[in-house]
Protein chains: 2
Amino acid sequence: MSDRLDWNDLRERRMAEPGAAETYEATRIAFELGQEVRHLREGHGWSQSQLARAAGMTQSAVARFEAGGTVPTLPVLERLARALDRRLDVRFASNADAA
Amino acid sequence: MSDRLDWNDLRERRMAEPGAAETYEATRIAFELGQEVRHLREGHGWSQSQLARAAGMTQSAVARFEAGGTVPTLPVLERLARALDRRLDVRFASNADAA
DNA sequence: CCAACCCATAGCATCGGTGCTATGGGTTGG
DNA sequence: CCAACCCATAGCACCGATGCTATGGGTTGG
């Protein structure tokens with residue numbers, strides 16, 4: 001049942017470490033990106049293996065990422081975006097901007 | 001005068017490696033983020049040392065990042081965003097969206 | 001001329017993400 | 001019942017980003 005772990009699990013896990021108050025946000029972003037990739041992938045009707053091949057990675061890497069197991073790097077995000085026919089968008093938004 | 005190195009320098013450097021066609025984009029993003037941080041920092045009237053302290057890193061790390069010397073990780077971007085009173089925004093945008 | 005900043009860069013240790021292989025449990029379809 | 005998928009996870013090697021200290025050159029102000 002530790003299948004789809006949810007956000008609170010990850011939060012507890014990461015917040016236990018020292019100086020994690022900032023990494024916390026990065027972990028949240030990673031988690032959300034994982035969710036989004038899963039949705040996009042399923043929208044394409046692809047398996048993790050198929051996405052992995054399209055993005056130049058392995059099924060295990062896709063699974064790890066979708067589960068929020070790691071905070072992904074920009075190159076990986078870029079490759080996933082390409083495979084899913086998206087554009088990776090990273091920017092410093094004004095704090096007033098809507099989510 | 002290898003002071004402010006420009007984008008073409010970095011491009012040549014990175015594209016020389018194999019399988020760099022995707023990492024290329026990530027490098028471009030890193031470069032642009034570096035520029036933006038520099039602008040934001042200067043907008044605040046801060047030195048690299050001041051920003052470094054606010055973001056929990058060292059002056060050398062800030063310099064390296066602003067120069068595009070590395071592709072930054074999400075935790076680092078998050079800390080910089082906070083220090084600069086911004087919100088880090090990462091998403092998979094539709095390819096049709098404007099830049 | 002010297003002190004105090006600015007920034008760029010080098011060298012090194014460490015940490016963590018990625019790539020890889022292999023496994024295991026679940027489900028479906030023959 | 002078995003084959004062929006699905007996905008999650010572990011263990012490992014490797015690479016690269018980060019953190020750190022220490023420079024060095026440039027500029028400014030005394």
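All values below were derived from every heavy atom in this structure, side-chain atoms included, with hydrogens, water molecules and symmetry-related copies excluded. Naming: A, B, ... by sequence-line order, numbering from 1 per chain.
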Given Watson-Crick and G-U pairs under 3.5 Å, DNA chain D in dot-bracket ([ ] crossing, | other strand) is ||||||||||||||||||||||||||||||

B:R53 atom CZ is separated from C:dC5 atom C1', nearest whole Å, by 13 Å

Checklist entry - Any side-chain N or O of A:R41 less than 4.0 Å from the OP1 or OP2 oxygen of D:dC6? => result no

With sequence neighbours left out, the residues meeting side-chain hydrogen bond (donor to acceptor under 3.5 Å, both in side chains) with A:R86 are none

For A:E32, the side chain to side chain contact (heavy atoms under 4.5 Å, CB included) test, sequence neighbours excluded, returns A:R28

A:E36 meets the salt bridge (Lys or Arg N to Asp or Glu O under 4.0 Å) criterion, sequence neighbours left out, with none

Rounded to whole Å, CD of B:Q48 lies from C1' of C:dC5 at a distance of 13 Å

Are any protein N/O atoms closer than 3.5 Å to N/O atoms in nucleotides 18-25 of chain D? If there are, list each pair with its distance.
unit_1: D:dT18; atom_1: OP1; unit_2: B:T73; atom_2: N; d: 2.7
unit_1: D:dT18; atom_1: OP1; unit_2: B:T73; atom_2: OG1; d: 3.3
unit_1: D:dT18; atom_1: OP2; unit_2: B:T70; atom_2: OG1; d: 2.9
unit_1: D:dG19; atom_1: OP1; unit_2: B:R79; atom_2: NH1; d: 2.9
unit_1: D:dG19; atom_1: OP1; unit_2: B:R79; atom_2: NH2; d: 2.3
unit_1: D:dG19; atom_1: N7; unit_2: B:R64; atom_2: NH2; d: 2.9
unit_1: D:dG19; atom_1: O6; unit_2: B:R64; atom_2: NH1; d: 3.3
unit_1: D:dC20; atom_1: N4; unit_2: B:S60; atom_2: OG; d: 3.3
unit_1: D:dT21; atom_1: O4; unit_2: B:S60; atom_2: OG; d: 3.0

Between CD of A:E66 and C1' of C:dG17 the distance, given in whole Å, is 17 Å

Taken to the nearest whole Å, CD/A:Q50 to P/D:dC5 is 11 Å

Contacts of A:H44 meeting ring-ring contact (aromatic ring centres under 6.0 Å, His included) (sequence neighbours excluded), chain-then-number -> A:W46

Residues passing the salt bridge (Lys or Arg N to Asp or Glu O under 4.0 Å) test with B:R64, sequence neighbours excluded, are none

Do NZ/NE/NH1/NH2 and the carboxylate oxygens of A:E66 and A:R41 come within less than 4.0 Å?
yes

side-chain hydrogen bond (donor to acceptor under 3.5 Å, both in side chains) filter on B:T73, not counting sequence neighbours, yields none

When rounded to whole Å, the CD to C1' distance for the pair B:E78 and D:dA17 reads 17 Å

The complete set of salt bridge (charged side-chain N to carboxylate O under 4.0 Å, His left out) pairs with one or both residues in residues 43-57 of chain B, sequence neighbours excluded, reads none

